[in-house]
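Inspection log for the structure reproduced underneath, given as C-alpha cells.
Order of the sequence lines sets the chain letters (A, B, ...), proteins ahead of strands, with each chain counted from 1.
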There are 2 protein chains.
Amino acid sequence: MNDFLELCKVRQSCRNFADKPLEHEKVVKCIEAGRLAPSGCNAQPWSFVAVETPELAAQVAQACCQMGANAYAAGAKAFIVVLEERATLMPRISSIMDSQYFAKNDMGAAAVSICYAAADLGIGSLIIGLFDREKLAEILDIPYDKRFGCVIALGYQADETIRPKQRKPLEEAARFV
Amino acid sequence: MNDFLELCKVRQSCRNFADKPLEHEKVVKCIEAGRLAPSGCNAQPWSFVAVETPELAAQVAQACCQMGANAYAAGAKAFIVVLEERATLMPRISSIMDSQYFAKNDMGAAAVSICYAAADLGIGSLIIGLFDREKLAEILDIPYDKRFGCVIALGYQADETIRPKQRKPLEEAARFV
C-alpha cells in the first residue's frame, strides 16, 4: 500500500465474497490490528471470537442474515465477533465516569482497525451491527448477558471494483478555526 | 509505511508534542481519514472542528487539561474535536434501533482513523475523552446541547521513541473456533 489515506479509499463494505479459502494467518493479522487499537485508559474493553470453521461460519452468517439487513454476509469465509469486556479506567476518571463509558467508541476503533488490516491484506470486510444476539450466543458459546459490539464478515472479494465513496463533502463534515 | 499492522504498532498516544509548526494540509488529510471512515448505514453521525489558530488551540488545551487527565495535550499544535451528528439509518433498521445506536462506535472508528492518518504522516496524536464540555462549546461556538465524541490532539512528537505496547496477549483477547 502507498499510504493510509489510499487504504481508507480502497476499504469498502464487501457485498460479494468470493468462494475462495481465507488463510488463518490473515485472520490472525486482522485480530492483531484490533488487539493493538487504542482505547480509553488503555482499558481494551473488548474480546474477539474468530469463526473460521465452515459449519460455524455458515451458522453465524445465518444469524446475521435472518435480520434481513446483511444478506451480503452469506458468502463470507470467516467472521470476527467483537464482544464488550469490562473496562478498568484510571481512578481519577472512574470516579466520574461509568467504567463502560468509552467502550462503544473503543470497540468501534478496534472494529475499523480490523477492516483496515483486512483491506491492506487484500481481504474484503463487512461490519454488521444488526444480528440475532441470542442465536450468536448459542452458536458460539457466549454468555447470554454478554454485550456485543459488532460482527465483521471477512473473505476475498469476488468483484474488486472500488465503488465511489458516498460521504458528506469536507465543507459539510468539517469546520476549520 | 510498510503495512497497516506496522502503522498500528507505531501509532501511540503522544505524550510530548514538539514546538514545531503543524502543516494545515496534514490536518486536512487527518480529517479526510475521519470523513471516509465507515459507519452504520453509512450515516456518518459525526462532524469535525479542526482548531489550528494558536490562541484557540491554547484554550482547547486548557479545557482538556483542567480535568487533570491530559496535561500531555498542552503542547499540541492542533486539535480535532469530533462531534456527534444525527444519524439516519435504513428504514428496516431504524424501525428497531434508535437512530443514534451506532453513533459512538462510528465516532470511535472516525477518531482512530484520524490517528492512523496522523501516524502515517509522521504526526503524533492523543485521543482525549475527558474535557470540559461547556468550556469547549463556548470556545468553539458549539451548541450547548451537542454531544461530543472526543478531542484529538495533534502535533509532531518531541520524542519519537516507540514505547512497547501494553495489551492483553492474543490468547486472552481472542478465541478461534
Problem - A:Lys104 side chain vs B:Tyr101 backbone, donor-acceptor pair below 3.5 Å - result: yes
Completion exercise
So, the part of B:Leu56 with a heavy atom under 4.5 Å from chain A: the answer is side chain
Practice task
Please answer: with hydrophobic residues joined when any side-chain heavy atoms are less than 4.5 Å apart, are B:Val27 and A:Phe4 in the same cluster?
Solution key: no
Problem - When B:Leu121, B:Asn42, B:Val81, B:Leu83 are compared by non-hydrogen pairs under 4.5 Å with chain A, the top option - result: B:Asn42
Exercise for the section: Starting at CG of A:Leu7, measure out to OH of B:Tyr116 and round the result to the nearest 0.5 Å. Expected result: 11.0 Å
Problem - A:Ser47 side-chain N/O to B:Ala173 backbone N/O, donor-acceptor pair under 3.5 Å - result: no
Fill in the blank from the handout: Checked A:Ala50, A:Ala33, A:Gly34 vs chain B; the most non-hydrogen pairs under 4.5 Å come from A:Ala50
Handout entry: Proximal component of B:Phe176, with respect to chain A [non-hydrogen, under 4.5 Å]
Key = both
Completion exercise
Whatever's closer than 4.5 Å to a heavy atom in chain A on B:Asp106 counts as neither
Practice task
Against chain A, label B:Ala110 side chain, backbone, both or neither, depending on which of its atoms sit under 4.5 Å from a heavy atom there.
Solution key: neither
Exercise for the section: Could you tell me which of B:Leu170, B:Ile128, B:Asn105 has the largest number of non-hydrogen atom pairs under 4.5 Å with chain A? Expected result: B:Asn105
Handout entry: Heavy atoms from other residues, nucleotides or ligands near CZ of A:Arg86 exceed 12 (cutoff 6.0 Å)
Key = no
Handout entry: Full working for side-chain contact (heavy atoms from CB on, under 4.5 Å) between A:Ile96 and B:Leu130
Key = CA-CA 10 Å; A:Ile96 47 173; B:Leu130 196 63; 3.9 Å; yes
Practice task
Return the option, out of A:Lys168, A:Lys29, A:His24, with the maximum number of heavy-atom pairs under 4.5 Å with chain B.
Solution key: A:Lys168
Handout entry: Distance (rounded to the nearest 0.5 Å) between A:Gln166 CD and B:Gln44 CD
Key = 9.0 Å
Problem - Validation row: A:Arg167, B:Leu36 side chains within 4.5 angstrom (heavy atoms) - result: yes
Exercise for the section: Treat each ILVMFWY residue as a node, draw an edge where side-chain heavy atoms are under 4.5 Å apart, and state whether B:Ile152 and B:Phe79 are in one component. Expected result: no
Completion exercise
Rounded to the nearest 0.5 angstrom, the CG-CZ distance for B:Leu5 and A:Arg35 is 10.0 Å
Practice task
Decide whether A:Trp46 and A:Val49 are clustered together by the hydrophobic rule: side chain heavy atoms of Ile, Leu, Val, Met, Phe, Trp, Tyr closer than 4.5 Å, transitively.
Solution key: no
Practice task
Kindly say whether A:Ala37 contributes a backbone atom to a donor-acceptor pair with the side chain of B:Arg11 at under 3.5 angstrom?
Solution key: no
Handout entry: For chain B, the option from A:Glu85, A:Glu52, A:Glu172 that forms the most heavy-atom pairs under 4.5 Å
Key = A:Glu52
Problem - Under 4.5 Å from a heavy atom of chain A, the part of B:Ala111 involved - result: neither
Exercise for the section: Please name the pair of heavy atoms, one in B:Ile142 and one in A:Arg175, separated by the smallest distance, quoted to 0.1 Å. Expected result: CG1-NH2, 3.8 Å
Exercise for the section: Take atom CG of B:Asp19 as the centre, draw a 6.0 Å sphere, and report whether it contains more than 12 heavy atoms from other residues, nucleotides or ligands. Expected result: no
Problem - Toward chain A, the part of B:Ile80 with a non-hydrogen atom under 4.5 Å - result: neither
Problem - B:Leu126-B:Tyr156 co-clustered via ILVMFWY side chain contacts under 4.5 Å - result: no
Handout entry: When A:Ile127, A:Asp141, A:Leu140 are compared by non-hydrogen pairs under 4.5 Å with chain B, the top option
Key = A:Leu140
Handout entry: Contact leader toward chain B among A:Thr53, A:Val112, A:Val51, A:Val177, where contacts are heavy-atom pairs under 4.5 Å
Key = A:Val177
Exercise for the section: Tell me, out of B:Ala103, B:Ser13, B:Cys41, B:Ala117, who's got the most heavy-atom pairs with chain A below 4.5 Å. Expected result: B:Ala117
Handout entry: B:Gln12, part contacting chain A, at a heavy-atom distance under 4.5 Å
Key = neither
Exercise for the section: Return yes when atom CD of A:Glu23 has more than 12 non-hydrogen atoms of other residues, nucleotides or ligands closer than 6.0 Å, and no otherwise. Expected result: yes
Exercise for the section: Among the options A:Gly149, A:Pro38, A:Pro169, A:Ser113, pick out the one with the most heavy-atom pairs lying under 4.5 Å from chain B. Expected result: A:Ser113
Problem - B:Leu136-B:Phe48 co-clustered via ILVMFWY side chain contacts under 4.5 Å - result: no
